[in-house]
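Protein chains get the first letters and strands the later ones, always in sequence-line order, with residue 1 at the start of each. All values below come from the heavy atoms of this structure, side chains included, with hydrogens, waters and symmetry mates left out.
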There are 2 protein chains.
Amino acid sequence: MDERVAALTVMEGVPEQVEALCETVKFSHPRPDGQDRYTISEVVAWTGLTAHTLRWYERIGLMPHVDRSHTGQRRYGNRDLDWLGFVGKLRLTGMPVADMVRYAELVREGEHTFDERRRLLQDHRDNVRVRINELRDTLAVLDFKIDFYVDARRASEERLVR
Amino acid sequence: MDERVAALTVMEGVPEQVEALCETVKFSHPRPDGQDRYTISEVVAWTGLTAHTLRWYERIGLMPHVDRSHTGQRRYGNRDLDWLGFVGKLRLTGMPVADMVRYAELVREGEHTFDERRRLLQDHRDNVRVRINELRDTLAVLDFKIDFYVDARRASEERLVR
DNA sequence: TAGAGACTTGGAGCGCACTCCAGGCAAGCG
DNA sequence: CGCTTGCCTGGAGTGCGCTCCAAGTCTCTA
């Protein structure tokens with residue numbers, strides 16, 4: 001049996017864990033490990049986002065409620081870093097924040113939203129594919145123009161030599 | 001001798017024509033042909049931009065001065081459509097408007113800006129390449145997650161059948 | 001020639017994704 | 001103890017790329 005599906009069928013009623021399991025993506029930078037309770041500035045260093053943005057993400061519902069210290073300061077866990085890593089990918093690929101918030105809501109609502117989550121991601125994937133093709137097309141145009149300028153330079157240098 | 005370079009060395013002092021020559025990109029939609037003097041609404045239909053945006057492009061110096069009818073209405077030529085096609089590509093690939101304006105300025109200034117134009121386009125090309133890779137990375141993550149949800153669906157359906 | 005619809009302008013407004021500010025609390029150090 | 005540094009909040013501000021408005025002029029069709 002597929003390991004992921006096995007995990008799914010076992011973990012009824014613990015949707016965040018399912019999502020976390022689905023979050024096994026590797027990251028380029030090693031995370032500040034140990035406590036599993038990172039301050040906001042550690043998360044800033046790790047994600048490249050500003051503290052303002054991290055707090056704003058929380059306000060608009062893009063973060064699944066971050067833990068607090070006894071004095072009310074934020075303490076992010078590895079799960080939060082995973083989530084931020086995924087959000088970062090969606091952001092880099094131009095998904096509107098509203099859509100990311102929608103996805104976050106679906107995750108919070110539990111397993112009965114699997115279908116809608118899948119659809120949301122599939123739509124975005126189609127989007128990304130289209131944009132990759134657009135970028136590739138433009139790359140060809142850019143190559144053509146750059147070659148033109150390079151050739152022009154070479155020609156004028158030849159004229160100097162002669 | 002390379003045809004483009006030959007054209008270049010012949011057309012000293014007519015930089016827009018050089019640029020136009022460099023603008024031999026094909027477009028997906030046939031342009032409204034005939035007069036070579038299109039109204040703004042024809043250009044709207046052809047480019048997909050709004051009339052507002054077209055006028056705004058002109059105000060900020062992104063268009064190389066559009067011709068006018070005897071009463072002052074805009075009449076775009078094929079050269080303008082070529083330029084808008086190229087600008088559209090840069091826009092799709094996320095070049096900031098300020099950079100496009102800079103490029104437009106360089107074109108207006110003549111052939112002695114070839115080197116800077118090339119550099120500008122090369123920088124953008126690098127940029128586009130990086131973004132293509134980012135998109136591809138995210139595509140892998142999306143595929144993984146979508147598969148997860150698809151598998152979950154299949155598993156729950158199997159449970160129903162049994 | 002009349003009326004509808006397209007085009008003109010400068011400047012104001014909008015949506016997005018942050019970004020910053022003011023004013024205050026809490027922890028660690030000499 | 002005082003000082004510095006880090007973090008907290010709600011709300012205001014910013015930059016980008018458009019987008020729209022008001023009020024007037026032009027063009028086209030009947």
**Residues, nucleotides or ligands: over 12 heavy atoms within 6.0 Å of A:H65 NE2** = no
**Asked** Do A:R153 and A:E157 meet the salt-bridge criterion of a basic N to acidic O distance under 4.0 Å?
**Response** yes
**Item:** Spacing between A:E58 atom CD and D:dT9 atom P, to the nearest angstrom
**Value:** 7 Å
**Request:** Not counting sequence neighbours, which residues clear salt bridge (charged side-chain N to carboxylate O under 4.0 Å, His left out) with A:R59? List them please.
**Result:** none
**Complete:** Expected list for residues 126-134 of chain B near DNA chain C, using heavy atoms below 4.0 Å, is none
**Asked** CD of B:Q73 versus C1' of D:dC28: gap in Å, rounded?
**Response** 11 Å
**Prompt:** Do the side chains of B:E58 and B:V66 get nearer than 4.5 Å, heavy atoms only?
**Reply:** yes
**Message:** Measure OH/A:Y76 against P/D:dC7 and give the value in whole Å, please.
**Reply:** 10 Å
Every protein N/O within reach of nucleotides 18-21 of chain D N/O, cut-off under 3.5 Å:
unit_1 : atom_1 : unit_2 : atom_2 : d
D:dC18 : OP1    : B:R91  : NH1    : 3.2

**Those residues that, when tested against A:R136, pass side-chain contact (heavy atoms from CB on, under 4.5 Å) (two or more places apart)** = A:I132, A:N133, B:I132, B:R136
**Message:** What is the separation between atom CZ on A:R74 and atom C1' on D:dG6, rounded to the nearest whole Å?
**Reply:** 13 Å
**Asked** Hey, where on DNA chain C does chain A first and last touch, going 5' to 3'? Cut-off is any atom under 4.0 Å from a heavy atom.
**Response** C:dA17 to C:dA27
**Asked** Does the ring center of B:F114 lie less than 6.0 Å from the ring center of A:Y149?
**Response** yes
**Request:** Considering only NZ, NE, NH1 and NH2 on the basic side and carboxylate oxygens on the acidic side, decide whether A:D137 and B:K89 come within less than 4.0 Å.
**Result:** no
**Asked** Closest nucleotide of DNA chain D for B:M95 versus for A:R75: which of these residues is on the 5' side?
**Response** A:R75
**Asked** Do B:T93 and A:E134 have side-chain heavy atoms sitting under 4.5 Å apart?
**Response** no
**Presence of salt bridge, A:D115 and A:R118, under 4.0 angstrom** = yes
**Request:** Write down the distance between CD1 (A:I60) and P (D:dG11), rounded to a whole number of angstrom.
**Result:** 16 Å
**Item:** Atom-to-atom span, CG of B:D99 to C1' of D:dC16 - whole angstrom
**Value:** 13 Å
**Request:** Please tell me if the side chains of B:L120 and B:M95 come closer than 4.5 Å, counting only heavy atoms from C-beta onward.
**Result:** yes
**Asked** Who pairs with A:R129 by side-chain hydrogen bond (donor to acceptor under 3.5 Å, both in side chains), at least two apart in sequence or on another chain?
**Response** none
